[in-house]
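Working notes for the structure below.
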Amino acid sequence: MDWHIEREHGVIGDWPNGEDGEPVAPAFLTHVSGNALDIGITQSMLTAFGIPMIFRYPNDGELGAVILGHAGGGTDVFVPETLLEDAKNIINTENIIEEEI
């Protein structure tokens with residue numbers, strides 16, 4: 001898979017560069033099923049902590065996103081590989097909250 005990162009093509013946030021000056025490779029974070037609200041919640045959580053992301057719509061989901069406003073097959077979320085562990089911890093906060101209760 002070849003990645004071409006441009007702000008106007010779906011990158012949300014400031015994508016970091018590696019030591020070589022090239023953009024850090026994207027790493028798969030999660031698949032979000034459901035409607036636009038579900039992806040909006042994930043996007044808000046990552047944005048709050050300054051983690052940039054890329055959305056991809058598997059199985060021709062881009063067409064559904066255009067016609068219906070959301071991809072029926074869900075959305076894949078990618079983050080810079082250098083921030084993957086932080087992003088996993090952020091979206092898995094529900095486990096921490098349940099343990100505290």
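Nothing here was measured: the structure is a model prediction, and the numbers come from that model.
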(message) Quick test of your reading: applying ring pair (Phe, Tyr, Trp, His ring centres under 6.0 Å), list the pairs with at least one residue in residues 29-53, sequence neighbours left out, ordered by first then second residue.
(response) none

Within this structure, what is the [atom1]-[atom2] distance for the pair [X] and [Y], rounded to the nearest 0.5 Å?
| X | Y | atom1 | atom2 | result |
| --- | --- | --- | --- | --- |
| Ile39 | Asp76 | CD1 | CG | 9.0 Å |
| Phe78 | Arg56 | CZ | CZ | 6.0 Å |
| Leu29 | Phe55 | CG | CZ | 10.0 Å |
| Asn92 | Thr30 | CG | OG1 | 8.0 Å |
| Ile51 | Asp14 | CD1 | CG | 13.0 Å |
| Ile90 | Thr47 | CD1 | OG1 | 10.0 Å |

(request) Search all heavy atoms of Leu83 against all heavy atoms of Pro52 and return the closest pair with its distance. (result) CD1-CD, 3.9 Å

(message) If the condition is side chain to side chain contact (heavy atoms under 4.5 Å, CB included), which residues does Glu81 pass it with, not counting sequence neighbours?
(response) Val24, Ala25, Ala27

(message) I'd like to check the side chain to side chain contact (heavy atoms under 4.5 Å, CB included) partners of Asn17; sequence neighbours left out, ordered by chain and number.
(response) Pro23

(request) Evaluate the criterion side-chain contact (heavy atoms from CB on, under 4.5 Å) for residue pair Phe28 and Val77; output intermediate values, then yes/no. (result) CA-CA 6 Å; Phe28 177 78; Val77 181; over 6 Å; no

(message) Contact between Pro26 and Pro80 at the side-chain level, heavy atoms closer than 4.5 Å - yes or no?
(response) no

